[in-house]
Amino acid sequence: MTLIEELKQRGFIHQCTNEKALSDMLNSESIKFYIGFDCTAKSLHVGSLIQIMIMRLFQKYGHHPIVLIGKGTTKIGDPSGKDETRKILSSKDIDINASNLEKVFNKFLNFQSNNKAILSDNSLWLNKLNYINFLRDYGKHFTINKMLSFDSVKIRLEREQSLSFVEFNYMIFQAYDFFELNERNECILQIGGSDQWGNIVNGIELIRRSIGKESFGLTTPLLTNANGDKMGKTADGAIWLNEEFFSSYDYWQFWRNIDDRDVFRFLKLFTDLPLDEIKKIESDSKDDINLAKIILANHATTLLHGKDAASKAKKTAQDTFSGNIISENLPKISLLEKEFKQPVYIYDLIVKIGFSNSKSEARKLIRGHGVKLNQSVVKDELDELLLEDVSDNKAMISVGKKKHFIVEVNQ
RNA sequence: GGAGGGGUGCCCGAGUGGUUAAAGGGGACGGGCUGUAAACCCGUUAGCUAUGCUUACGUUGGUUCGAAUCCAACCCCCUCCA
């Protein structure tokens with residue numbers, strides 16, 4: 001099977017420029033390609049995972065991924081998919097975010113092999129641009145007429161929301177990134193989400209117009225779940241990929257709880273399992289789709305957090321959902337016995353562990369019968385945790401059906 | 001610089017002097033049903049030292065017994081003109 005065939009069967013391709021020529025090239029030589037990641041957030045989230053997985057697959061077929069960290073473009077802010085101006089981040093925050101991103105790429109890509117992945121950063125060239133020279137050399141290749149026709153711009157204008165000149169320039173810089181990578185690293189392909197199509201095509205055209213070379217673009221579908229919602233965001237926030245912001249257990253749970261209709265699509269996108277094996281899983285799990293969800297959760301978690309974390313998460317889930325076993329791996333609060341001289345309010349503990357943002361919220365949860373102490377519903381919002389609730393030094397408090405934590409009491 | 005329109009809770013959006021912590025919708029969370037699913041039904045959706053108190057309708061000040069609502073100044077956004 002060729003790379004393009006596998007990409008298609010797994011559902012990675014949304015649009016592609018000159019597919020025939022690209023496909024021939026991918027089959028005959030090892031190429032360099034890039035995907036850009038801005039560092040506007042403290043971590044990547046699941047929404048970027050499809051981009052990471054496609055890089056992984058390309059690398060498996062012998063191609064060189066270039067991970068372009070957008071330290072330069074982050075200073076501007078991509079208007080695509082945003083209906084309001086982004087906050088301007090300080091250089092320090094950008095650096096912190098960038099290093100968090102790098103940690104994740106290290107898990108998915110190989111930075112050592114022959115066709116090793118390369119990390120690049122567009123502030124290398126963007127920071128030293130000279131405005132006049134830049135406009136003369138590259139600005140002439142862009143027409144306002146065309147720029148105005150881009151969705152990212154059109155939507156802002158239609159909604160009568162302001163689009164600053166700074167943001168308006170984003171697409172030019174992204175096009176220029178491609179040009180620079182083409183010059184520096186012979187990068188001939190840019191991949192991105194479907195919302196990046198316009199920006200990618202701009203880069204291809206800039207390369208063609210300024211130096212007459214052909215380059216390629218490929219977009220992945222915008223990842224939505226079966227309800228059509230953008231993937232990766234929940235009320236608590238995004239499904240972060242860095243463990244310090246989103247635990248491996250929660251990550252496992254995220255995949256375990258995926259919509260039925262998404263399971264096999266996601267197995268193809270987010271695991272390394274061969275396609276025929278996925279087909280087999282599909283027929284094996286006809287009677288119990290939850291088996292397939294567990295496989296998905298195991299594999300997706302293994303890729304990001306490792307095998308141990310995945311099996312630990314699985315075990316924790318089995319323990320907590322199947323019975324009364326209190327799993328060791330749940331989040332924990334430690335208290336001393338003498339602290340029980342003062343009332344230990346259950347709502348306070350819920351806030352402490354981070355399952356609720358305020359005491360009021362925690363109390364409302366209790367009022368709505370959403371909180372359990374050792375499997376039985378807490379009836380009064382002012383109920384305290386008492387020493388007699390603690391057996392074997394432990395008590396378990398549950399918020400909803402899925403969030404649990406342990407209170408450990410020591411002498 | 002001129003003329004006009006606008007800024008309401010997580011988001012959209014109603015409200016033009018009084019039981020308005022603010023209709024309605026969306027989202028999210030909790031409960032029920034289930035399979036840790038979807039759909040559906042119900043509830044919650046500012047904070048706190050909690051049956052009361054404190055914040056809240058761009059900002060600041062004013063009028064009033066009482067303001068998201070009226071007045072003034074300022075800030076920001078949009079449209080048109082220069």
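The analysis underlying the following values was restricted to heavy atoms, covering all of them including side chains, and did not include hydrogens, waters or symmetry mates. Since the structure is predicted, the reported quantities are computational estimates derived from the model, not experimental observations.
- The C1' atoms of C10(B) and G5(B) are separated by 26 Å, rounded to the nearest whole Å.
- Pair assignment for G43(B) gives C29(B), based on Watson-Crick or G-U wobble hydrogen-bonding distances that are each under 3.5 Å.
- Within the structure, every side-chain polar atom (N or O) of Lys364(A) is placed at least 4.0 Å from both OP1 and OP2 of G43(B).
- When distances are taken from the side chain of Ser358(A) to each of A50(B), G47(B), A37(B), the shortest belongs to G47(B).
- Using atom C1' as the reference point in both A21(B) and A50(B), the two lie 15 Å apart (nearest Å).
- Remark: the Gln174(A) side chain and the Gln196(A) side chain contain an N/O donor-acceptor pair separated by less than 3.5 Å.
- Remark: C1' of C48(B) and CG of Asn357(A) are 15 Å apart, rounded to the nearest angstrom.
- A gap of 43 Å separates the C1' atoms of G62(B) and G43(B), to the nearest Å.
- For Lys372(A) and G32(B), the NZ to P distance is 6 Å, given to the nearest whole Å.
- Contact annotation: side chain of Lys401(A) to base of U34(B), donor-acceptor pair present below 3.5 Å.
- For a distance-only test at 3.5 Å, the side chain of Arg261(A) fails to qualify as a donor-acceptor partner of the base of A38(B).
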Please report the C-alpha distance between Lys103(A) and Glu244(A) in whole Å, then the side-chain angles of each, then the deciding distance to 0.1 Å, and finally whether the salt bridge (Lys or Arg N to Asp or Glu O under 4.0 Å) criterion is met. CA-CA 11 Å; Lys103(A) 283 186 216 158; Glu244(A) 58 267 42; 3.2 Å; yes

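- Within the cation-pi definition used here (under 6.0 Å to the ring centroid, within 45° of the axis), Arg56(A) does not qualify as a partner of Phe108(A).
- Residues Glu361(A) and Ile350(A) fail the side-chain proximity criterion, which asks for heavy atoms closer than 4.5 Å.
- With C1' as the reference atom, U8(B) and C12(B) are 11 Å apart, rounded to whole Å.
- Of the options Leu44(A), Thr74(A), Val104(A), a side chain to side chain contact (heavy atoms under 4.5 Å, CB included) to Phe37(A) is made by Leu44(A) and by none of the others.
- Taking atom CD of Glu361(A) as the reference point, atom P of C48(B) lies 9 Å away to the nearest angstrom.
- Distance, Arg363(A) CZ to C48(B) P: 9 Å, rounded to whole Å.
- In this structure, the nucleotide among A37(B), G30(B), C48(B) sitting nearest to the side chain of Lys402(A) is A37(B).
- Judged by Watson-Crick or G-U wobble contacts below 3.5 Å, the nucleotide G52(B) has C48(B) as its partner.
- Pair check for C80(B) finds G2(B); Watson-Crick or G-U wobble, both atom distances under 3.5 Å.
- OP1 or OP2 of C48(B) sits under 4.0 Å from a side-chain N or O of Ser360(A).
- Side-chain N/O atoms of Trp125(A) and Asp177(A) include a donor and acceptor closer than 3.5 Å.
- A gap of 9 Å separates the C1' atoms of U20(B) and G15(B), to the nearest Å.
- Ile294(A) has its CD1 atom 10 Å from the P atom of U36(B), to the nearest Å.
- For the pair Leu304(A) and Leu241(A), the minimum side-chain heavy-atom distance is below 4.5 Å.
- Distance check on atom P: U69(B) versus G9(B) gives 14 Å, rounded to whole Å.
- For the P atom pair drawn from G4(B) and C11(B), the interatomic distance equals 30 Å after rounding to whole Å.
- Checking Gly400(A) against Ala317(A), the closest nucleotide of RNA chain B that is more toward the 5' end is the one next to Gly400(A).
- The interatomic distance linking Lys403(A) (NZ) with C29(B) (C1') rounds to 7 Å, in whole Å.
- If you check every strand for non-hydrogen atoms under 4.0 Å, Ile289(A) touches a base.
- Across C29(B), U36(B), G35(B), the shortest atom-to-atom separation from the side chain of Leu365(A) is found for C29(B).
- Judged by distance alone, with hydrogens and angles left aside, Asp288(A) brings no side-chain donor or acceptor close enough to the base of G35(B) to form a pair under 3.5 Å.
- With both pairing distances under 3.5 Å, G17(B) is matched to nothing as a Watson-Crick or G-U wobble pair.
- Atom NZ of Lys286(A) and atom C1' of G35(B) are 19 Å apart (whole Å).
- Relative to the side chain of Arg367(A), the nucleotides A37(B), A50(B), U36(B) differ in distance, and A50(B) lies closest.
- A3(B) sits 13 Å from C74(B) when the P atoms are compared, rounded to a whole Å.
- Taking a pair to require two hydrogen-bonding distances under 3.5 Å in either a Watson-Crick or a G-U wobble arrangement, A73(B) pairs with U59(B).
- The interatomic distance linking Lys359(A) (NZ) with A50(B) (C1') rounds to 12 Å, in whole Å.
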